[in-house]
Amino acid sequence: MKGVPLAGGNSFGGPKAPFHSFATNITPDRDTGIGNWTDAQIVTAIREGKRPDGSIIGAPMAIEFFSHFSDNDVKAMVSYLRTVKPVVNKVPASKYRMKLRAGHPVANVPDVPRSNKVAYGEYLVQIGHCMECHTTMDKGRLLMKTHLGADGRSFRGPWGESIAANITQDRETGIGAWTDEQIKRAITEGKRHDGSGLRPPMCYHCYDRMTADDLDAVVAFLRTVKPVRNSVR
């Protein structure tokens, strides 16, 4: 439902893509949302991509990244979702022309110590699924081991076409020469080091609520990402 937070309806993919999916209604409405789901079922949907009826949640739900949510953080998400106003909005069924796979069962995930900036920053990048967009893809697979953050992936939408940037530490084609403050501004304001603007789907209007400590941690992790030369237009 356009303009109504968490009521679902946004579409992804299309006739030429391997899927045409619709974001589901995750308000507490009992008929068209998740009001009848238990807390544990919501957690399983987030971290493993499985609904209470056993069906699999497909793309673009970033299960491989959301599986890293700590127990405390995912429970906090559920607590928040319980406070959202119920909205009646029946969303069309998604269609997939690809094999769907649920995530691996997730048992207990401890909190990452905030005192370890790099580890905590990596955790935030994981649950923010930053590398889903910013990592090079080949034949439908993210090259996480060789091209983490090197990107070049194309995204089309009402904004036209945007190419996800190289966020490795390469000084010429990545962000290795950027200052910490310039990286933070890109994340929270959508502005590059030269002042030019970033375009969707970069969700800087979501990340602008991050705390100073969280931003410091993200930058600390990004400084550890292996430089990969990849000039993105």
Side-chain angles (χ1 to χ4, degrees), residues 46-47 60-74 76-77 103 106 109-138 141-155 159 161-233:
I46 294 171
R47 297 203 298 197
M61 184 72 169
I63 299 305
E64 62 184 298
F65 299 97
F66 294 158
S67 64
H68 294 274
F69 266 112
S70 72
D71 297 342
N72 285 330
D73 283 349
V74 77
M77 288 181 64
V106 179
V109 182
D111 290 327
V112 177
R114 298 192 180 205
S115 57
N116 186 334
K117 275 192 174 183
V118 172
Y120 185 59
E122 182 177 17
Y123 170 71
L124 293 176
V125 168
Q126 288 275 21
I127 63 176
H129 60 102
C130 306
M131 294 305 181
E132 181 184 18
C133 294
H134 286 280
T135 295
T136 309
M137 181 173 280
D138 180 50
R141 292 192 165 213
L142 293 171
L143 304 179
M144 302 292 283
K145 293 184 178 180
T146 59
H147 287 72
L148 181 72
D151 216 79
R153 293 182 63 192
S154 171
F155 298 88
W159 59 83
E161 181 185 21
S162 58
I163 309 294
N166 181 343
I167 57 172
T168 74
Q169 285 299 294
D170 183 69
R171 295 185 64 83
E172 293 184 16
T173 65
I175 59 173
W178 294 27
T179 67
D180 290 359
E181 292 306 314
Q182 287 171 337
I183 296 174
K184 293 176 189 178
R185 187 174 70 162
I187 294 170
T188 60
E189 298 179 28
K191 294 181 181 179
R192 298 183 183 87
H193 66 305
D194 60 6
S196 59
L198 299 172
R199 291 189 291 175
M202 179 63 181
C203 198
Y204 49 83
H205 59 279
C206 306
Y207 304 143
D208 62 0
R209 301 169 200 173
M210 293 177 68
T211 67
D213 286 345
D214 284 356
L215 285 168
D216 285 343
V218 168
V219 172
F221 167 69
L222 290 176
R223 292 299 188 198
T224 71
V225 177
K226 178 184 175 181
V228 178
R229 180 156 300 194
N230 182 27
S231 184
V232 178
R233 58 186 173 87

> For the residue pair Pro113 and Tyr120, what are the closest heavy atoms and their distance?
Replying inline: O-CB, 3.8 Å
>> If you apply the rule disulfide (SG to SG under 2.5 Å), what do you find for Cys203 with Cys206, and how did you get there?
In response: CA-CA 5 Å; Cys203 198; Cys206 306; 2.1 Å; yes
> Do the non-hydrogen side-chain atoms of Met210 and Val218 ever get within less than 4.5 Å of each other?
Replying inline: yes
> Can you tell me how far CD of Glu181 sits from NE2 of His193, rounded to the nearest 0.5 angstrom?
Replying inline: 15.5 Å
>> As an exercise, state the distance from CZ of Phe65 to CD of Glu132, rounded to the nearest 0.5 Å.
In response: 5.5 Å
> How many angstroms lie between CG in Leu143 and CG in Leu148, if you round to the nearest 0.5 Å?
Replying inline: 10.0 Å
> Given Ile183, which of Leu222, Thr188, Ile167 fulfils the side chain to side chain contact (heavy atoms under 4.5 Å, CB included) condition?
Replying inline: Leu222
> Under 3.5 Å, is there a donor-acceptor pair between the side chain of Ser162 and the main chain of Pro200?
Replying inline: yes
> Roughly how far, to the nearest 0.5 Å, is CE of Met137 from NE2 of His147?
Replying inline: 13.5 Å
> Would you call Arg47 and Asp71 a salt bridge, taking side-chain N to carboxylate O under 4.0 Å as the test?
Replying inline: yes
>> For Asp73 and Tyr123, which I'm curious about, is there any donor-acceptor pair between the side chains at under 3.5 Å?
In response: yes
> Can you name the nearest heavy-atom pair linking Arg223 to Gly176, along with the distance?
Replying inline: NH1-O, 3.9 Å
> Just wondering, do Leu198 and Lys191 contact through their side chains at under 4.5 Å, heavy atoms?
Replying inline: no
> To the nearest 0.5 Å, what is the distance between NE2 (His68) and NE2 (His129)?
Replying inline: 12.5 Å
> Does atom NZ of Lys184 have more than 12 heavy-atom neighbours, drawn from other residues, nucleotides or ligands, at distances under 6.0 Å?
Replying inline: yes
> Are the side chain of His134 and the backbone of Ala165 linked by a donor-acceptor contact shorter than 3.5 Å?
Replying inline: yes
> Where is the tightest heavy-atom contact between Ala186 and Tyr204, given as atom of each residue plus distance?
Replying inline: O-CB, 4.1 Å
> Would you say Ser70's side chain and Pro110's backbone share a donor-acceptor pair under 3.5 angstrom?
Replying inline: no
> Checking side chain to side chain contact (heavy atoms under 4.5 Å, CB included) for the pair Asp213/Arg114: CA distance, chi angles, key distance, verdict?
Replying inline: CA-CA 9 Å; Asp213 286 345; Arg114 298 192 180 205; over 6 Å; no
> Going by distance alone, is a donor N or O of one side chain under 3.5 Å from an acceptor N or O of the other, for Ser196 and Asp194?
Replying inline: yes
>> Show the nearest heavy-atom pair for residues Val228 and Thr146, with the distance to one decimal.
In response: CG2-O, 3.9 Å
> Judged by atom type as modelled, is there a donor-acceptor pair below 3.5 Å linking the side chain of Asp216 to the main-chain atoms of Lys117?
Replying inline: no
> Do side-chain atoms of Thr168 reach the backbone of Gly174 as a donor and acceptor pair under 3.5 angstrom?
Replying inline: no
> Nearest heavy-atom pair of Leu124 and Ala217: which atoms, and what distance?
Replying inline: CD1-CB, 4.5 Å
> Is Asn230 reaching over with its side chain to a backbone N or O of Asp151, donor-acceptor style, under 3.5 angstrom?
Replying inline: yes
> Hey, does the side chain of Arg185 reach the backbone of Gly190 with a donor-acceptor pair shorter than 3.5 angstrom?
Replying inline: no
> Any side-chain heavy-atom pair from Ile46 and Met77 closer than 4.5 angstrom?
Replying inline: yes
> Which pair of non-hydrogen atoms, one from Phe221 and one from Thr224, has the smallest distance, and what is that distance?
Replying inline: O-OG1, 2.5 Å
>> Would you say CZ of Arg199 has more than 12 non-hydrogen atoms from neighbouring residues, nucleotides or ligands within 6.0 angstrom?
In response: yes
> To the nearest 0.5 Å, how far apart are OG1 in Thr135 and CE in Met144?
Replying inline: 5.0 Å
